[in-house]
Each structure stands twice: as structure tokens, then as C-alpha cells.
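Each chain gets a letter, A, B and so on, in the order the sequences are listed, and its residues count up from 1.
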2 protein chains.
Amino acid sequence: MALYGASTEYVLHSLLWLVDTKEPLSSLDLADLQEIPSAFMAKLLPKLEKAGILHASEGMKGGYVLAKPAWEISVLSVVDAIEGRKSLFNCQEIRGRCALYSEGPPRWATQGVCGIHAAMLRAEQAMREELAKTTLADLSDIVRKKAPSQFLDEAQSWFGNRVKTRREGSVRKNKILKKSVNNKELP
Amino acid sequence: MALYGASTEYVLHSLLWLVDTKEPLSSLDLADLQEIPSAFMAKLLPKLEKAGILHASEGMKGGYVLAKPAWEISVLSVVDAIEGRKSLFNCQEIRGRCALYSEGPPRWATQGVCGIHAAMLRAEQAMREELAKTTLADLSDIVRKKAPSQFLDEAQSWFGNRVKTRREGSVRKNKILKKSVNNKELP
DNA sequence: AAAACGAGGACCTATATTGTCTGCGTTATG
DNA sequence: CATAACGCAGACAATATAGGTCCTCGTTTT
């Protein structure tokens, strides 16, 4: 229905939270804060790591940090990392499929790029150039201008408290408990 | 996988055949010439008629003709008619979904357009402007420069012969025959 | 040793796209 | 005036993709 879906939206919003944070944030923290399905987020962020946008650290106290300064991360690079270089239009070379071509299409018909395809490619290029102009720093500035500084502080301490409460009740813990209960019931 | 699919491709190629033709062409003729599923084409072209791009004439010897000169029909208008004004990105207002907002999002958070959405809208606008620049006349020129005039004449006479052979073996006829055979077998 | 991470794969489901088939009204033609 | 060739509309079916869940594994801190 749209070229870019919820995955891209989730990831871009998550990246904004990472701009001002020094310590690594986990995919679970990012998902819970934004009320986004956490298991889904966990599948998205590794793509950004492979694209060199995020740096991941494993193990307890691990998580994600921007791998580059925010002004060097364009919206285009994020979109490409998540959606995988989607094109606007997928040419099927209809021009070579004419019933009048008895034995395959002649050379003049399939030479160069199809005119329709070319028009689509120009539009796609214009779109990509526009997406390349905006960086994470630009987006972050917009948020910071809108939000009261008090809120941004609250957010920082929310992440901080999360680090402290790792030991207490977490989503994972509950799942593991449920699992061990099941294991005991099985045999 | 792509924003614009096969429907758009089929229709744009079909419109090119209509540029130089005076007599109405049926969806079946257009489909058969380009080896495109004809029943599918028959569902597409009425959309162009509603959008004011094609003029349809019903009944025998009916078919489609361009409703406007080719230089007034942009690729954008065709795409919109077929795909229905698809947007590049569908904003779900993630910014209003923060766990820190205890009783709904504050005004400052949801004021104006989301920064991420705005960037996508700029890209979409750039794409649409580019698609608006190309017209059917432009595309038709490209084809006419490539194709030998002999081929274009052959195509015209193919359409002409089709009109003559209406009475003879057509796809529809075979289907109707099959149907009556089945009807006889049923009781 | 256990808890909290990331990575990755199997799996499920809802929806959009692509296509087929039917019936109905309209128009030219013999 | 019957019929063939049209456009139009809607009911399906098949397939692909996006979105989402769950489970297992290895790593790192405490």
C-alpha cells in the first residue's frame, strides 16, 4: 500500500532516541518506550548494524549506539538498510512482448532503457535525492525544538531507571518463568 | 515490492498504442497485441475512463480512444488513476505513542506534521513532480524514433485486420462455445 | 550461575496484487 | 431482429509480502 512501511517508521523514531544517548539502548527499551512490538524491533535493528548505522554491543548492559554522528546518517541510508533498496517500479519489459514479433523482439525494440521505465527511474532518483538531504540530526533538531527540556530529561532518567530495574521484573523474565513451568509439566 | 505494479505498466504501454490510432481499440485487442492477460486489462481501462484519460464507446465496434491530446496526459495522472493516489509512506503517528505520556500525548508532541513524515512527503512530492513532467507524447516520441515506420504500419494493419476478423475466430467466441457445451452436458 | 543482551531462523496471519470467470446492458451488422 | 462484439461491474481464487510471534543460541555482565 505504501513503498515504505511500519518497519522504517519504527526504526527512524528509534534512531532519534539514540541521538542524545551515550549508553547503549536495548531493542526492548526502545520498543517499550514507544509502545512498539519488541520482538519485531529485535529483527529490525540488526539490519542497521550491518549497514554500519548502528553499533551493537552484546551481553548484559549491551544494546545499540549510533555508529556515526547523526549528521552523517541520512534518511535514505536508513530506508535502504531496512527496506533493501526498493525500487519505485519493476519493469517487466512489455515492449519486447509484441504479438507482431514472430521470432523474438528485434534489436531496435529492446535497445537501451524502456521509456516508461526511464521516466520511473527519474522519479525514483528525485525521491532518493530528497531523502538523502535529510539527516538524523535534522530530524532530531525538530524534536528538540518542540519538546520541553524537562521531558527530554525525564526520558533520559527513564532509560536510566530501566538499567537499574534490569534485575527486577522484565518481559523476558516472565517468559522464561512460563517456559520453565511448562518444562516441569511436560514429563 | 514496488510502489507501482504491473497494472500501471500494462496501462502505460497500452496508452502508447492509442496515441496514433483514430479508431477505438478494444481492451482485447490491446491485450492480445502485447500478450497481456485480457481479462485483467478489461478491469484496468475503466479506471482511466473515470479519470477522464480515455473515452469509451460501447457496443460492437466500440473500444477506447484518448480523451485528451497525448501531450496533456502525464504519467502521473495515469499512475494516480490506476493505483489510486498511493503515498510513499503512511505515518502512524508514533510520536504520540510514548510510554511517558501518562494521559495521552501533550499538544507540543502532536503539533504540526511529524518531522519524519514531512521528510517523506518532500520526497513524495519530488517524485510526483518528476512524473508530472513526462507526458504520453514524450513517451510516444521515444517509441517512434526507435521503431522503423514499416513496423508502425504493420501494427496499424494488424488492428485493421482485427476489425475485419471480428466475425471469425475470436477469444470470446471460443469461450461462449465452451460454455454452451458445458450447459448441454449439465442436465 | 543467572540475567540481560544481540543474532537468527521457523512460523503464522492479514491484506494487496494479480488474475479468472460470470452476468448484464449497449451497439453495429447481416 | 438475432447475434456477435463490445464496456462495465462484481464475485471469486491464487500468490506474495508485510507485520508480528516465538524459540534457540552465543555473549557479557553481575
S.K.: Report the distance from atom NE2 of A:H55 to atom C1' of C:dC5, rounded to the nearest whole Å.
M.R.: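 These atoms are roughly 13 Å apart.
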S.K.: Among the candidates D:dC8, D:dT30, D:dT28, find the nucleotide nearest to the side-chain atoms of A:K61.
M.R.: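 Nearest listed nucleotide: D:dT30.
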S.K.: To the nearest angstrom, how far is B:I82 atom CD1 from C:dT18 atom C1'?
M.R.: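 For the pair B:I82 CD1 and C:dT18 C1', the rounded distance is 13 Å.
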S.K.: Write down the distance between CG (A:L48) and C1' (C:dA7), rounded to a whole number of angstrom.
M.R.: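 Distance check: A:L48 CG to C:dA7 C1' gives 14 Å.
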S.K.: Would you sort out whether B:V11 and B:L15 count as a side-chain contact (heavy atoms from CB on, under 4.5 Å), showing the intermediate values?
M.R.: CA-CA 6 Å; B:V11 155; B:L15 284 171; 4.1 Å; yes
S.K.: Pairing donors with acceptors under 3.5 angstrom, does anything connect the side chains of B:S26 and B:R162?
M.R.: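 Judged by distance alone, the side chains do not pair up.
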S.K.: Choose from C:dA3, D:dA9, C:dT29 the nucleotide whose nearest atom is closest to any side-chain atom of B:P46.
M.R.: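 Nearest listed nucleotide: D:dA9.
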S.K.: Among D:dC8, D:dC6, C:dC21, which nucleotide sits nearest the side chain of B:S26?
M.R.: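 Nucleotide nearest to B:S26's side chain: D:dC6.
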S.K.: Base, sugar-phosphate alone, or nothing: which one does A:Y10 contact when heavy atoms must sit under 4.0 Å apart?
M.R.: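 Here A:Y10 touches the backbone only, sparing every base.
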S.K.: To the nearest Å, give me how far apart CG (A:D32) and P (C:dC5) are.
M.R.: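 Rounding to the nearest Å, CG of A:D32 and P of C:dC5 are 10 Å apart.
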S.K.: As a test of reading the structure: which of D:dT29, C:dG8, D:dT21 is closest to the side chain of A:F40, going by heavy atoms?
M.R.: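 Of the options given, the side chain of A:F40 lies nearest D:dT21.
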S.K.: Is the backbone of B:G5 close enough, under 3.5 Å, to the side chain of B:E83 for a donor and an acceptor to pair up by distance?
M.R.: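 At least one qualifying donor-acceptor pair exists.
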S.K.: Return the value, rounded to whole Å, for the distance between atom CE of B:M41 and atom P of D:dC8.
M.R.: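 Whole-Å distance recorded here is 12 Å.
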S.K.: Is the closest side-chain donor-acceptor distance between B:T135 and B:D138 under 3.5 Å?
M.R.: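 Yes, because at least one side-chain N or O of B:T135 sits under 3.5 Å from a partner of the opposite role on B:D138.
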S.K.: Sequence neighbours left out, what passes ring pair (Phe, Tyr, Trp, His ring centres under 6.0 Å) with B:W71? Give chain and number order.
M.R.: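 Per chain and number, B:W71 pairs via ring pair (Phe, Tyr, Trp, His ring centres under 6.0 Å) with no residue.
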S.K.: Would you name the heavy atoms of B:H13 and A:R95 that are closest together and state the gap between them?
M.R.: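 That closest heavy-atom pairing would be CE1-N, 3.8 Å.
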S.K.: Roughly, in whole Å, what's the span from NZ in B:K47 to C1' in C:dT18?
M.R.: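 The answer, rounded to whole Å, is 11 Å.
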S.K.: If I take atom CD1 in residue A:I36 and atom P in nucleotide D:dG20, what distance separates them, rounded to the nearest angstrom?
M.R.: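 Taking atom P of D:dG20 as the reference, CD1 of A:I36 is at 9 Å.
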S.K.: If you find the nucleotide of DNA chain D closest to B:Q92 and the one closest to B:E49, which residue's nucleotide is nearer the 5' end?
M.R.: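 Upstream on the strand: B:E49.
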S.K.: So for A:K43 and C:dG8, does any side-chain atom that can act as donor or acceptor lie under 3.5 Å from a complementary atom in the base?
M.R.: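 Checked by distance alone, the answer is no.
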S.K.: For the residue pair B:S7 and B:I82, what are the closest heavy atoms and their distance?
M.R.: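 Distance-wise, the nearest heavy atoms are CB-CG2, 3.7 Å.
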S.K.: Does D:dG19 have its OP1 or OP2 closer than 4.0 Å to a side-chain nitrogen or oxygen of A:Y4?
M.R.: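 No, because none of the side-chain N or O atoms of A:Y4 sits under 4.0 Å from OP1 or OP2 of D:dG19.
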S.K.: Taking the side chain of B:P37 as heavy atoms from C-beta outward, which of C:dT20, D:dT28, D:dA4 is closest to it?
M.R.: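 For the B:P37 side chain, the nearest candidate turns out to be C:dT20.
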S.K.: Choose from C:dT29, D:dT27, C:dG25 the nucleotide whose nearest atom is closest to any side-chain atom of B:E58.
M.R.: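 Among C:dT29, D:dT27, C:dG25, the one nearest the side chain of B:E58 is C:dG25.
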S.K.: Which pairs, protein N/O on one side and nucleotides 15-18 of chain D N/O on the other, fall under 3.5 Å?
M.R.:
from, atom 1, to, atom 2, distance (Å)
D:dA18, OP1, A:K86, NZ, 3.1

S.K.: Which part of the nucleic acid, if any, lies within reach of B:K50 when heavy atoms closer than 4.0 Å are counted: base, sugar-phosphate only, or nothing?
M.R.: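 Sugar-phosphate, no base atom in range.
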S.K.: Under a 4.5 Å side-chain heavy-atom rule over Ile, Leu, Val, Met, Phe, Trp and Tyr, are B:L152 and B:V65 clustered together?
M.R.: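 No, because B:L152 and B:V65 fall into different hydrophobic clusters, even though each may have its own neighbours under 4.5 Å.
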S.K.: C:dG6 phosphate, OP1 or OP2: any side-chain N/O from A:S27 under 4.0 angstrom?
M.R.: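 Yes, such a contact exists.
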S.K.: Specify the separation, in whole Å, of atom CG of A:L44 and atom C1' of D:dG19.
M.R.: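 After rounding, the gap between these two atoms is 10 Å.
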